[in-house]
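Okay, structure first, notes after.
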Amino acid sequence: MRYWLMKSEPSDVSIDDLAKLPKQTIDWYGVRNYQARNFMRDLMKVGDLAFFYHSNCDVPGIAGVVKVSQLAYPDRFQFQKGHKYFDPKSTPENPRWLNVDVTLVKKTNLLSLKELREFKALENMRILQKGNRLSITPVSEDEWKFIEKYLK
DNA sequence: GCCAACGTTGGC
DNA sequence: GCCAACGTTGGC
């Protein structure tokens, strides 16, 4: 199994929003980057764990843990004309965008980006590299275990 | 709201 | 296939 970090803007879907959903499960819609899509399509398996990361907000950081609960399938918004995530070049026969489902494992204390940057052990973490914008990134087992110690 | 760092698009 | 122009991301 693999470990991941998945970014979500809390103004769109926060960890609390996820916790309120019926099965505490959501389709990870809206990914429109090929690298991130390929991670979902090619590498994510049911049972993989991911940090749920709040981005583009007052205090960005890790807000919880989720697990992959459904393999990648076509993103529901790519065919909806007028929708923010509509893609005219995608067809049902050959869908361009996919998403997995994730289910809440636990909400945690917020481990901020600022705090993450202070750990020497995490200096090579993908999310902390300059210019990183990818919304889904792999997390190494070492990084995962290190960070978990600081999540309550 | 600014803007650096990327990713994508499209003319050539 | 190059690369300028444009659009997006996301911390600050």
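Convention: sequence-line order gives letters A, B, ...; per-chain numbering from 1. Hydrogens, waters and symmetry mates are skipped; everything else that's a heavy atom, side chains included, is used.
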Check the pair Y73(A), D101(A) against side chain to side chain donor-acceptor pair (under 3.5 Å), reporting the backbone distance first and the verdict last. CA-CA 9 Å; Y73(A) 60 96; D101(A) 286 350; 2.5 Å; yes
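- Between A19(A) and Q24(A), the shortest heavy-atom contact is O-NE2, 3.0 Å.
- Summary of the strand contacts: R32(A) and G131(A) both lie near DNA chain B, and taking for each the nucleotide with the nearest heavy atom, the more 5' one is attributed to G131(A).
- With respect to E148(A) and K145(A), no salt bridge is recorded, no charged nitrogen being found less than 4.0 Å from a carboxylate O.
- The side-chain heavy atoms of V31(A) and N99(A), taken from C-beta on, include no pair separated by under 4.5 Å.
- Of all heavy-atom pairs between D16(A) and K107(A), the closest is OD1-NZ, 2.9 Å.
- Note: W28(A) and F52(A) meet the aromatic proximity criterion, with ring centroids under 6.0 Å apart.
- Under the 6.0 Å cut-off for aromatic ring centres, Y34(A) and W97(A) qualify, their centroids lying closer than that.
- Looking at residues 58-66 of chain A, you'll see P60(A) sit with a heavy atom under 4.0 Å from some atom of DNA chain C.
- Along DNA chain B, the nucleotide nearest R96(A) and the nucleotide nearest R133(A) are compared for position; the residue whose nucleotide lies closer to the 5' end is R133(A).
- Salt bridge annotation for R32(A)-D75(A): present, with a cationic side-chain nitrogen under 4.0 angstrom from a carboxylate oxygen.
- First and last contacts of DNA chain C with chain A, using any nucleotide atom under 4.0 Å from a protein heavy atom and ordered 5' to 3', fall at dG7(C) to dC12(C).
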